[in-house]
Engineer: 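The structure that follows is given in the form of structure tokens.
Ligands are counted one by one from 1 in listed order, and the atoms in each one are counted from 1 as well. A quick note: this is a predicted structure, and the numbers were derived from the prediction, not measured.
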Amino acid sequence: MAGSFAQLAKKAENKKTSIAVSKEPLEKAPLKILMLGHKALRTPAKRISKVDDSIRELARNMLKSMYSAKGIGLAAPQVGIQKRILVIDLNFEDPKSTPYVFINPEIISTSATVDTYEEGCLSIPGVYGDVIRPTSVKISFRDEIGRPKKMNADGLMARCIQHEIDHLNGVLFVDKVNNQEDLIKQLSDQGFDKKYINLIT
Ligand code: NI
């Protein structure tokens, strides 16, 4: 049965603004994920002035590429786009969970307590290392409709948000790994040049 005009109009609007995509990995992802050594990964991204259909399309393509690579987070510089947008889905294999889109995310505050956790990155496949970061963060951002939002995150979500915001600033997790010796061995094993690490001490 057809709904009222208002309902149909709302449905059409939702379709336009929804960033939901299939989580099935694609043989050919819409966006290519760049690897350590590519300049785009070291270029700070620019703020997004207007959240429009092109930004939502970008978010959908980023999600499709992230799911195809079986990742939980992806930032636009990783696909060569210098815009401050990132996508996160901690439950990337659960078709029912909803992904997050963070546009112009800013860290407002971080907890004094810190955690150590082993990180990896879709741009540095096969390389993992312990990174110390604040346990929880408070952020502000715009969602995929352009609405200003705030969020408190802890656990893996806080970890992932900080890793992805670093990407927007041209910073990679390998810059923050404590065990340099092990990191350099892993990089070499995976065919990456250690000159692409910018140590943060
Ligand atoms: Ni990463």
Engineer: Could you report the tightest heavy-atom contact between Leu63 and Ile19, atom names first, then the distance?
Structural biologist: CD1-O, 3.6 Å
Engineer: Please answer whether the main-chain N or O of Leu31 pairs with a side-chain N or O of Ser65 as donor and acceptor at a distance below 3.5 Å.
Structural biologist: yes
Engineer: Applying salt bridge (charged side-chain N to carboxylate O under 4.0 Å, His left out), which residue pairs with at least one partner in residues 153-169 are found, sequence neighbours left out?
Structural biologist: Glu119-Arg159, Arg133-Asp166, Asp166-Lys176
Engineer: For Ser111 and Pro134, indicate whether the former's side chain and the latter's backbone hold a donor-acceptor pair under 3.5 Å.
Structural biologist: no
Engineer: About how many Å separate CG of Leu74 and CG of Asn61, when rounded to the nearest 0.5 Å?
Structural biologist: 11.0 Å
Engineer: Please list, in chain and residue-number order, the protein N/O/S atoms closer than 2.8 Å to the Ni ion (ligand 1).
Structural biologist: Cys121 SG, His163 NE2, His167 NE2
Engineer: Indicate the atoms forming the closest heavy-atom contact of Val51 with Ile145, along with that distance.
Structural biologist: CG1-C, 4.1 Å
